[in-house]
Amino acid sequence: MTLERPLAPLRAEGVARTGDARVPRHVAIIMDGNGRWAAKRGLPRVAGHRAGAEAVRKTVRAAAEAGVEVLTLYAFSSENWRRSAEEVSDLTALMRFYLDHELASLKKEGVQLELIGEPEAFGPDLAARLQRAVESTRHNRAITLVMALNYGSRGELAKAAQTLAVKAQRGEIDPASIDEAMIGAELQTARWPELDLLIRTSGEVRLSNFLLWQAAYAELIFLDTLWPDFDAASLTAALGQYAVRQRRFGGR
Ligand code: IPE
Ligand code: IPE
Ligand code: MG
């Protein structure tokens, strides 16, 4: 599927596109509810994941049009390996299919693809395709789409701790100097703006090991909508809710 019309190049390099504080610069979504969407229709779970991929397309376009700079999507958690081998293999096949069929339109629409998590675990073939997609969209500026693939926030934090410990052991840093900024800088999200808004679909009210550190002051929105039913209007409504929230960051 291609987008109906190309996204306007809304953002000058490195500059917030709208400058409007009511538009979140960085939005993350826990895309949950594919299985229940399929079950409601008497379909296999994979049909829900397929429908979920459609929702991804719509959401990326809508987020870019709204002026969101970074959209981070939780597609596969480090805990999702607990699912059946069949479901994991379906999800892997779907990622490959999405990449093969969407890369051209991602490029055309100016979407820069980035990854967090440890996608190497999906095997060298998919990992190489993902890497090529990242490379070939590197200069795109309409929106940054960060796919969280085999991502777990505690694992990410543990790795950051390891890296800092090694630096301390080598004498490159003083352990007493380790502060929030240094930890944040070791996270995979370091190069993007702070997370402003975190949305979870499907009625579950938990973070499921997603962006625990990054969500410290994010606004949270939990929706009953199942992910495959999420669309541009759902995103617009969520952005509308965000726009009227009062963010205080501990101040008054
Ligand atoms: C989210 O939908 C997709 C992934 C976690 C990969 P689920 O597959 O978790 O759907 P439910 O929660 O079972 O409905
Ligand atoms: C969170 O959904 C992970 C993704 C959406 C990729 P899950 O369905 O895996 O989360 P739990 O198991 O309900 O917490
Ligand atoms: Mg789920």
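Whatever order the structure lists them in is the order used to number ligands and atoms, beginning at 1.
- Defined by atom type and a distance below 3.5 Å, a donor-acceptor pair is missing between the side-chain atoms of Glu87 and Ser84.
- The shortest heavy-atom distance from Ser202 to ligand 1 is not under 4.0 Å.
- Protein heavy atom nearest atom 1 (C) of ligand 1, with residue, atom name and distance: Met31 O, 3.0 Å.
- At least one heavy atom of Ala75 sits closer than 4.0 Å to an atom of ligand 1.
- In terms of protein heavy-atom proximity, atom 14 (O) of ligand 2 is closest to Ser208 OG, 2.6 Å.
- If you check which protein heavy atom lies closest to atom 10 (O) of ligand 1, you get Gly35 N, 2.9 Å.
- Ligand 1 has at least one atom lying under 4.0 Å from a heavy atom of His49.
- When atom types are taken as modelled, the side chain of Tyr98 and the backbone of Arg50 share no donor-acceptor pair closer than 3.5 angstrom.
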**Message:** Run His26 and Asp196 through side-chain hydrogen bond (donor to acceptor under 3.5 Å, both in side chains) and show every step you take.
**Reply:** CA-CA 5 Å; His26 186 171; Asp196 295 307; over 6 Å; no
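- Here atom 13 (O) of ligand 1 lies nearest to Arg45 when heavy atoms of Arg36, Arg45, Met95 are compared.
- Residues Ile143 and Val70 form no side-chain contact, since every pair of their non-hydrogen atoms from C-beta on lies 4.5 Å or further apart.
- Here the N, O or S atom of Asp32 that is nearest to the Mg ion (ligand 3) is OD1.
- The two residues Leu235 and Thr59 make their nearest non-hydrogen contact at CD2-O, 4.2 Å.
- Remark: Glu186 CD to Trp213 CH2 distance equals 11.5 Å, nearest 0.5 Å.
- For ligand 2, the polar-atom distance check finds an N/O of Arg206 within less than 3.5 Å of one of the ligand's N/O atoms.
- Only side-chain heavy atoms of Asn80 come within less than 4.0 Å of ligand 1; its backbone N, CA, C and O stay farther off.
- Of the heavy atoms in Phe210, none comes closer than 4.0 Å to ligand 2.
- The NE2 atom of His101 sits 12.5 Å away from atom CZ of Arg96, with the distance rounded to the nearest 0.5 Å.
- For ligand 1, the polar-atom distance check finds no N/O of Trp37 at less than 3.5 Å from any of the ligand's N/O atoms.
- Interface of Arg83 with ligand 1, defined as ligand atoms under 4.0 Å from a residue heavy atom, comprises 4 (C), 5 (C), 7 (P), 8 (O), 9 (O).
- For the residue pair Gln112 and Thr137, no side-chain donor N or O sits within less than 3.5 Å of a side-chain acceptor on the partner.
- Taken from NZ in Lys40 to CG in Asp229, the straight-line distance is 6.0 Å, to the nearest 0.5 Å.
- Arg200 NH2, 3.6 Å is the protein heavy atom nearest to atom 2 (O) of ligand 2.
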